[in-house]
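Below, chain A is the first sequence line, B the second, and so on; all start at residue 1.
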Protein chains: 2
Amino acid sequence: MVAYRVDVAGDLFKALADPTRRTILDELTERSGQTLFEICARLSMKHRLGISRQAVSQHLAVLEAAGLVESRREGRYKFHDLNTAPLRRIAERWLAPDPSGPEESTP
Amino acid sequence: MVAYRVDVAGDLFKALADPTRRTILDELTERSGQTLFEICARLSMKHRLGISRQAVSQHLAVLEAAGLVESRREGRYKFHDLNTAPLRRIAERWLAPDPSGPEESTP
DNA sequence: ACGATAGGCAACCACACACTTGCCTATCAA
DNA sequence: TTGATAGGCAAGTGTGTGGTTGCCTATCGT
């Protein structure tokens, strides 16, 4: 059987394709466990990004779907933590030719 | 001085965001130095991708702009080679916190 | 010279996606 | 309970982008 490797990389690369999302990852790298409003404030202040709260929320949803961010709810706060695990697997695909084949399931 | 790091990662991640382009990279990994028509044939045959030659050509242009593919012209043939150098720098950004700061120039 | 092969250029189409707007729910403090 | 804070949901908009179609140039074989 071939094509074992499901293309879960799709979500990952798409998530990383947006500059705002990459900046959010930068912020979470600098300080993990931030809330939505904290991230909004930082993007606005130190990155001069005129962006709405909902936009940031949607970005966080994308990052979470890609497995790059994990969130935990406490009361009315929702904290966001960076998960670098998917990043470590990123380049493997083309750097180390996998014997099982590079096929995707359904591109 | 901060914000030395120009966001050249943008093109890279955008290039990787498309499944067809990732499949092209797979093919070039398996066999480097293919021509446009060879790549077209492989995408069509073993990947069942109904895609036009021009579409593949445009994908190759994107990959080349991202530095992932280099091309050399010989007569009427144009050979495409994989360049994995950009891939090695991919994950560094969030895995190894850079003292110079993670800032982008202009997102 | 002629046709065949390999590739490039430009305009058009359609969908995806980033972002906004408007309104709603939930938790906490007074 | 009331207001403020933190966040969610959903519809609408507009640009970006993957894809196509049509035509053009360049190189090779005969």
Peer 1: Supply the members, apart from A:Tyr77, of the Ile/Leu/Val/Met/Phe/Trp/Tyr cluster built from side-chain contacts under 4.5 Å; use none for a lone residue.
Peer 2: A:Phe79
Peer 1: Whole angstrom is fine here: how far is it from CG in A:Leu16 over to C1' in C:dA18?
Peer 2: 16 Å
Peer 1: Take atom OH of B:Tyr77 and atom P of C:dA4, then tell me their distance rounded to the nearest Å.
Peer 2: 16 Å
Peer 1: Quick check on D:dG19: is either OP1 or OP2 less than 4.0 Å from any side-chain nitrogen or oxygen of B:His59?
Peer 2: yes
Peer 1: Calculate the interatomic distance between B:Phe37 atom CZ and C:dG8 atom C1'; express it in whole Å.
Peer 2: 11 Å
Peer 1: With sequence neighbours left out, which residue pairs that include part of residues 48-60 of chain A fulfil the side chain to side chain donor-acceptor pair (under 3.5 Å) condition?
Peer 2: A:Arg21-A:His59
Peer 1: Looking at C:dA16, I'd like to know if its phosphate oxygens (OP1 or OP2) sit under 4.0 Å from a side-chain N or O belonging to A:Lys14.
Peer 2: no
Peer 1: Base, backbone or nothing for each nucleotide of nucleotides 20-26 of chain D, written B, S, -, heavy atoms under 4.0 angstrom, 5' to 3'?
Peer 2: BBB----
Peer 1: Can you tell which of A:Lys78, A:Lys46, A:Arg31 makes a salt bridge (charged side-chain N to carboxylate O under 4.0 Å, His left out) with A:Glu38?
Peer 2: A:Arg31
Peer 1: With a 4.0 Å limit, can you tell me whether A:Lys78 has a side-chain N or O closer than that to the phosphate oxygens OP1/OP2 of C:dA26?
Peer 2: no
Peer 1: Let me spell it out: for each of A:Glu74 and A:Arg21, pick the nucleotide of DNA chain C with the closest heavy atom. Which residue's pick is nearer the 5' end?
Peer 2: A:Arg21
Peer 1: Quick one: is D:dG8 close enough that its OP1 or OP2 comes under 4.0 Å of any side-chain N or O from A:Ser57?
Peer 2: yes
Peer 1: Does B:Glu70 pair with B:Arg72 as a salt bridge, N-O distance under 4.0 Å?
Peer 2: no
Peer 1: Output the rounded distance in Å from CZ (A:Phe13) to P (D:dG18).
Peer 2: 15 Å
Peer 1: Verify the distance criterion only: is there a donor paired with an acceptor across the side chains of A:Glu64 and A:His80 at less than 3.5 Å?
Peer 2: no
Peer 1: Give a yes or no answer on whether the side chain of A:Arg22 reaches the backbone of A:Ala17 with a donor-acceptor pair at less than 3.5 Å.
Peer 2: yes
Peer 1: Tell me: CG of A:Leu36 to C1' of C:dA26, nearest whole Å?
Peer 2: 15 Å
Peer 1: Do the non-hydrogen side-chain atoms of A:Ile39 and A:Ile24 ever get within less than 4.5 Å of each other?
Peer 2: yes
Peer 1: Could you tell me the separation between the CG atom of A:Leu60 and the P atom of D:dG8, rounded to a whole number of Å?
Peer 2: 9 Å
Peer 1: A:Asp18 CG to C:dA18 P: how many Å, rounded?
Peer 2: 5 Å
